[in-house]
Each structure stands twice: as C-alpha cells, then as structure tokens.
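What follows is a set of notes on a single structure, which appears directly below.
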Amino acid sequence: MSVVVRMAPSPTGLLHIGNVRTALFNWLFARHEGGEFRLRIENTDTSREVAEAVDQIQDSLRWLGLDWDGPLTFQLDRIEDCRRLAGQLLSEGKAYEDEGAIRFRMPDEGVTAWDDVVRGRIEYPNDKLEDVVIVRSDGRPTYNFASPLEDVWDGITHVIRGDDHIPNTPKQLNIIRAVGGDVPVYGHVPMINGADGKPLSKRHGSVNVQDFRAEGYLPEALMNFLALLGWAPDGETTLMGREELVERFSLERVSPSPAQFDYQKLDWMNGVYVRELAPGDFSHRLVLWLGEQGYDWDAELVSRAAPLVQEKIATLSQFPAYAGFLFHDVEPDPAELDGGGAMLAAATEALRGLEPFDAAAIEAALRATADGLGLKPRQAFQPVRVAVTGSRVSPGLFESIELLGRATSLNRLEKAAAASG
RNA sequence: GCCCCCAUCGACUAGCGGUCCAGGUCGCGGCCCUUUCAAGGCCGUAGCACGGGUUCGAAUCCCGUUGGGGGCACCA
C-alpha cells in the first residue's frame with residue numbers, strides 16, 4: 001500500500017513555523033516512501049478565514065521546496081458529502097439531533113486506542129468521550145467530522161499532526177469506524193517551544209515562514225534546522241541537504257518530547273549554508289533578496305560585493321550592514337576615527353596616484369604608509385576603515401577600497417582627515 | 001476541576017540492560033591565526049529531575065513524586 005499523507009492547515013493566517021515543521025515531517029515521510037503529500041485547506045469555519053491565507057500558505061511551502069501532489073482541495077467543497085453521511089449516521093441511530101445540531105454517539109464503555117507511530121500505544125476510556133457535534137445547527141460540518149471523513153476519502157494512510165490533536169484522535173477514530181472507513185495510522189509530533197519552554201510565539205522572535213524569509217534565511221538551511229527539531233538520524237550528523245533528509249528520514253525516529261527553537265543555532269546553520277553556496281548562486285540570492293526587500297541597489301555592484309561578505313554574514317539580511325557603504329554615503333563617527341588624522345592624510349596621498357588601483361596594490365601602499373608612520377597595522381587601518389566604510393566592522397579593507405573606487409575613497413578619506421584634525 | 005502527553009549538558013540530540021566515570025552539534029570560556037568582523041584550528045565547560053522498585057548489572061524496564069506542555073467549543 002502506497003503512503004498518502006497530507007497537510008491540512010486552516011486558512012486563518014500566515015504559516016506558523018511549527019505547522020511547517022509538521023508539514024516537513026509529512027513531506028519527508030512521503031518522499032522517503034515514494035508516496036504522496038497532499039495539501040488540503042480546512043475552511044469550514046468561514047468566519048475565521050483570511051483572504052490571502054491560501055496563497056500565502058502555498059507561497060511558503062513552495063519557497064521551502066515542499067511540493068505537494070494532486071490539486072489543492074478545500075473542505076468547504078465537500079460539505080454536501082459530509083451532510084449526507086451525517087444523515088446516514090442519523091438514520092442508523094449512530095448520531096442524534098440536539099437543538100438543531102447533530103451529535104455523534106460515542107461508545108460508553110471500553111477504550112478507544114491506537115498505536116501512535118511516535119509515541120506508542122495511547123488509550124482513551126470511552127466514558128470520557130463526549131458526543132461531539134458533527135453538524136452545526138446552521139448545517140455546516142465541524143472539524144472533528146469533516147477532517148476524518150476527508151482523510152478517508154483521500155485515502156490518507158498516515159495522519160502526522162501536532163500532538164495538540166491527541167484528544168481529537170479517539171473521537172475521529174470512532175467516527176471513521178462508524179462510517180466504515182479505513183483507519184489511518186496516526187503519529188503525533190510534539191509542538192515547538194520558545195527558549196522559555198512556552199509554545200513558540202511572536203515574542204520569542206520570528207514564527208512565520210515569511211518572517212524567516214524576510215530575515216534572509218536560506219530555505220535549505222531552515223529545512224535542515226527544522227528537521228532536526230524532534231528528529232535525528234543518529235547522534236552525529238547535523239548538516240543534511242534535502243536529498244539526504246529524504247533518504248534518511250523515518251517516523252520511528254521522531255522524538256515524542258517537545259523541542260525548543262534555538263535561533264542562535266539556526267543562525268549558525270544558515271551561515272554554514274551561506275558559505276557553502278557557489279559564489280554565483282550566493283550573489284544571485286542576494287540580488288533577489290534585496291529586490292524583495294525593496295532595495296534598488298545595482299545588481300552588478302551587489303554581485304561584486306558578494307564575495308567580500310560571503311564568509312562574514314550568517315543571513316542575507318546582514319548584507320546591507322556590511323556592504324551598504326558601497327551604495328550610499330557614510331557618516332563616520334569622529335570619535336571612531338581614533339585620532340588617526342596623520343594616517344588618514346598619508347593614506348589619501350598614497351592612494352591618490354596609485355596604479356593599478358586594486359586590492360593588492362592598495363594593501364602594499366597602505367602597509368608602507370603605516371610603516372612609515374611607525375604604526376601597527378591594527379592602529380593604522382582602523383581609522384581608514386571607519387573613514388571609508390563608516391563602520392568599525394566591514395569587509396576586507398583593501399578589497400572594499402578597490403570596489404568603492406578611487407574617487408569616492410579619496411573623497412571619504414579627505415573628509416575624515418579633516419574631521420579628525 | 002477532569003483527561004492526555006512529555007522529562008539526558010543552557011539548547012538540539014545519540015543512547016533502545018553491560019562496549020557510557022554518557023558521544024555529536026549550537027552556545028559559552030580560553031588559546032592560535034588575524035587589517036575590523038567573521039570564518040578556521042586547538043583545548044575546555046556542562047547533563048541522565050527526584051524517590052522507590054525489577055535485575056548479577058539501569059540513562060535505558062516498572063511505579064510514584066515533582067516539573068513542564070496540551071486538551072476539555074455548534075474553533076481548527
């Protein structure tokens with residue numbers, strides 16, 4: 001039997017990273033098994049629906065590379081089928097009317113149990129199960145009715161979802177049995193918490209896929225990081241590309257205990273992926289990201305600046321802070337010029353007629369200048385760096401000056417020399 | 001209140017009864033390299049929540065305690 005799994009978000013807003021992690025597990029499992037990963041929108045509660053949500057969900061999944069099989073389906077489209085089945089249950093005495101709504105009759109005795117792929121056997125005493133409403137008095141089916149029905153109709157073999165659904169499972173199990181459907185295998189994966197152990201929310205940092213994208217994380221890095229939240233192939237491997245993740249993933253190794261989202265580790269991992277990018281790919285992504293964020297910086301110059309920062313930045317969003325001086329004026333803080341007036345003046349002269357004006361020649365000239373003034377490289381170059389880039393932290397000084405060009409560099413050096421006396 | 005789930009370094013985890021005085025990664029600290037910042041190299045820091053069992057032997061199995069989390073809608 002071929003595996004069919006699904007992601008079934010409700011279109012109430014942006015995709016939460018926790019839902020994405022659950023989606024990722026579904027996707028990895030499907031791809032590993034050569035099965036299907038479906039995307040289904042659970043929109044029976046039209047009052048909470050957000051217009052753009054369906055598009056945003058798809059954009060986010062595409063960005064991460066979580067492709068789905070078959071058409072996007074909507075729960076709303078199957079309302080009639082749900083009602084028909086509710087009527088059937090009614091006529092069979094398995095459900096009853098209650099103030100205009102229809103309730104499903106849960107068993108009163110015994111237990112409802114299932115073997116959860118990630119947590120083992122779970123049992124629920126049936127006398128704790130309430131007769132859930134399956135159709136509201138206005139005729140719309142409820143989640144606990146529509147969702148398991150859709151799982152049956154879609155031939156879902158494994159329901160992999162957040163563990164907040166554990167209490168729903170025995171109810172859905174009974175409903176599926178009542179309509180004579182095949183019961184899927186269930187697996188409840190833990191939720192993701194923030195550093196304080198509370199469910200991950202806005203106050204911890206980014207939580208929506210779009211936030212991570214806007215902050216310049218690479219989708220492959222985010223995927224790698226997310227996969228390791230609650231799953232590990234062994235005790236050693238931490239860096240895995242999508243191929244390897246698909247190849248090694250298994251539901252049995254998903255941990256039942258909740259994980260905390262460690263933004264620092266994500267930053268580290270993203271930096272690793274940034275550094276591993278082919279130079280051309282890196283600059284390409286920078287250009288795209290800058291465009292998305294509304295910068296209208298010259299793509300050619302961005303591409304030339306990219307190699308200078310590729311080893312230094314962890315996220316694409318750090319690019320402007322490092323290389324912004326190439327695209328706009330800078331205003332060095334005189335205090336940070338560190339009394340380097342003599343060096344600044346001497347550097348200006350050293351560079352004025354320098355040929356060729358490239359990093360190697362610039363380095364030789366500035367080192368000679370520093371020597372001439374009896375300054376250590378560190379003392380000599382820092383004021384120059386601040387003058388030229390406006391900051392104490394920058395890409396390599398000599399490459400930066402070369403890229404900036406002679407005219408602008410000299411101009412900034414002269415201004416700084418004057419400012420520092 | 002009732003029901004359910006979870007529990008190894010600060011964090012993510014490996015460990016599925018002996019090979020563990022617990023391994024890897026992030027973080028953190030130190031040193032090296034160095035034009036800043038990174039990156040890189042080396043060294044180090046730190047953990048089986050607690051209490052009972054079971055067993056020749058427990059991080060690993062069982063029970064309890066404590067601590068976290070989730071659920072109890074005509075939301076999904």
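Chain A is the first sequence line, chain B the second, and so forth, proteins listed ahead of strands; every chain is numbered from 1.
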**Asked** For A:Tyr273, which residues count as a ring pair (Phe, Tyr, Trp, His ring centres under 6.0 Å) partner, sequence neighbours excluded?
**Response** none
**Pairing residues for A:Phe319 by the ring pair (Phe, Tyr, Trp, His ring centres under 6.0 Å) criterion, not counting sequence neighbours** = none
**Prompt:** Are any of A:Thr44's side-chain N or O atoms less than 4.0 Å away from OP1 or OP2 of B:A76?
**Reply:** yes
**Asked** Phosphate oxygens OP1/OP2 of B:G15: is one of them under 4.0 Å from a side-chain N or O of A:Arg253?
**Response** yes
Between [N] ([atom2]) and [X] ([atom1]): distance, integer Å:
X	N	atom1	atom2	result
A:Leu226	B:U25	CG	P	22 Å
A:Phe145	B:A76	CZ	C1'	16 Å
A:Arg161	B:G70	CZ	C1'	14 Å
A:Leu366	B:U36	CG	C1'	14 Å
A:Arg248	B:U13	CZ	C1'	14 Å
A:Asp151	B:A76	CG	P	15 Å
A:Asn270	B:C12	CG	P	20 Å
A:Asp234	B:G15	CG	P	8 Å

For the [atom1] atoms, the ones on [N] and on [M], what distance do you get once it is rounded to whole angstrom?
N	M	atom1	result
B:G24	B:U45	C1'	16 Å
B:C21	B:G1	P	43 Å
B:G47	B:C28	C1'	15 Å
B:A58	B:G52	C1'	14 Å

Both distances below 3.5 Å, Watson-Crick or wobble geometry, any strand: find the nucleotide opposite [N].
N	answer
B:A22	none
B:A7	B:U66
B:C72	B:G1
B:C48	none
B:A58	none
B:C42	B:G30

Name the pairs: protein N/O against N/O of nucleotides 1-9 of chain B, kept only if under 3.5 Å.
| from | atom 1 | to | atom 2 | distance (Å) |
| --- | --- | --- | --- | --- |
| B:C5 | O2' | A:Arg119 | NH1 | 2.3 |

**Request:** Assess whether atom NZ of A:Lys202 is packed by more than 12 heavy atoms of other residues, nucleotides or ligands within 6.0 Å.
**Result:** yes
**Asked** Taking the nucleotide of RNA chain B with the closest heavy atom to each, which residue, A:Lys171 or A:Glu399, is nearer the 5' end?
**Response** A:Glu399
**Prompt:** So which one's nearest nucleotide on RNA chain B is more toward 5', A:Ser137 or A:Phe381?
**Reply:** A:Phe381
**Message:** Categorize A:Leu397 for me: base, sugar-phosphate, or nothing, with a 4.0 angstrom heavy-atom threshold over every strand shown.
**Reply:** base
**Request:** Would you please test A:Thr112 and A:Arg177 for side-chain contact (heavy atoms from CB on, under 4.5 Å) and show each step?
**Result:** CA-CA 11 Å; A:Thr112 297; A:Arg177 286 186 188 132; 4.1 Å; yes
**Request:** Kindly write out the residues that satisfy side-chain contact (heavy atoms from CB on, under 4.5 Å) with A:Pro11, not counting sequence neighbours, or none if the list is empty.
**Result:** A:Ile41, A:Asn43, A:Glu49, A:Ala53, A:Val54
**Prompt:** Of all residues at least two apart in sequence or in a different chain, which pass the side-chain contact (heavy atoms from CB on, under 4.5 Å) check with A:Val133?
**Reply:** A:Ala101, A:Arg103, A:Thr142
**Message:** Do A:Thr389 and A:Val330 have side chains that approach each other closer than 4.5 Å (heavy atoms only, starting at C-beta)?
**Reply:** no
**Message:** With the six-membered base ring of B:G70 as reference, does the ring of A:His165 sit under 5.5 Å away with planes under 30° apart?
**Reply:** no
**Asked** Got a sec? Which of residues 81-107 of chain A come in under 4.0 Å of RNA chain B, heavy atoms?
**Response** A:Asp98, A:Glu99, A:Ala101, A:Arg103
**Prompt:** In residues 191-210 of chain A, which residues come under 4.0 Å of RNA chain B by heavy atom?
**Reply:** A:Gly197, A:Lys198, A:Pro199
Heavy-atom donor-acceptor pair, [X] side chain to [Y] backbone, under 3.5 Å:
X	Y	answer
A:Asp196	A:Lys198	yes
A:His32	A:Trp27	no
A:Tyr143	A:Asp45	no
A:Gln382	A:Arg392	yes

Between [options], spot the one nearest the side chain of [X], thanks.
X	options	result
A:Gln264	B:G27, B:A76, B:U35	B:G27
A:Asp164	B:G27, B:C12, B:G71	B:G71
A:Ala232	B:A76, B:U13, B:A73	B:U13

**Message:** Run the side chain to side chain donor-acceptor pair (under 3.5 Å) test against A:Glu247 and tell me which residues pass, sequence neighbours left out.
**Reply:** none
**Residue list, side chain to side chain donor-acceptor pair (under 3.5 Å) with A:Glu276, at least two apart or on another chain** = none
**Request:** Could you tell me whether the side chain of A:Lys376 has a donor or acceptor atom within less than 3.5 Å of a complementary atom in the base of B:U35?
**Result:** no
**Item:** Side-chain donor/acceptor of A:Asn168 to base of B:A76, under 3.5 Å
**Value:** yes
**Asked** Could you give the distance from CG (A:Leu228) to CZ (A:Arg21), rounded to the nearest 0.5 Å?
**Response** 11.0 Å
**Message:** One thing to verify: whether A:Glu150 and A:Arg78 come together as a salt bridge, which I'm taking to mean a side-chain N less than 4.0 angstrom from a carboxylate O.
**Reply:** yes
Find every protein N or O atom lying less than 3.5 Å from an N or O atom of nucleotides 37-40 of chain B, and list the pairs.
| from | atom 1 | to | atom 2 | distance (Å) |
| --- | --- | --- | --- | --- |
| B:C37 | O2' | A:Tyr322 | OH | 3.1 |
| B:C37 | O2 | A:Lys312 | NZ | 3.1 |
| B:C37 | N3 | A:Lys312 | NZ | 2.3 |
| B:C37 | N4 | A:Lys312 | NZ | 3.4 |
| B:A38 | O2' | A:Glu311 | O | 3.3 |
| B:A38 | O2' | A:Lys312 | O | 3.1 |
| B:A39 | O3' | A:Arg275 | NH1 | 3.3 |

**All pairs passing ring pair (Phe, Tyr, Trp, His ring centres under 6.0 Å) where residues 198-219 of chain A contributes a residue, at least two apart** = A:Phe212-A:Tyr217, A:Phe212-A:Phe261
Validation: residues 355-370 of chain A side-chain donor-acceptor distances under 3.5 Å, sequence neighbours left out:
| from | atom 1 | to | atom 2 | distance (Å) |
| --- | --- | --- | --- | --- |
| A:Glu355 | OE2 | A:Arg406 | NH2 | 3.0 |
| A:Asp358 | OD1 | A:Ala360 | N | 3.4 |
| A:Asp358 | OD1 | A:Ala361 | N | 2.9 |
| A:Glu363 | OE2 | A:Arg367 | NE | 2.8 |
| A:Glu363 | OE2 | A:Arg367 | NH2 | 2.9 |
| A:Thr369 | OG1 | A:Ala365 | O | 2.7 |

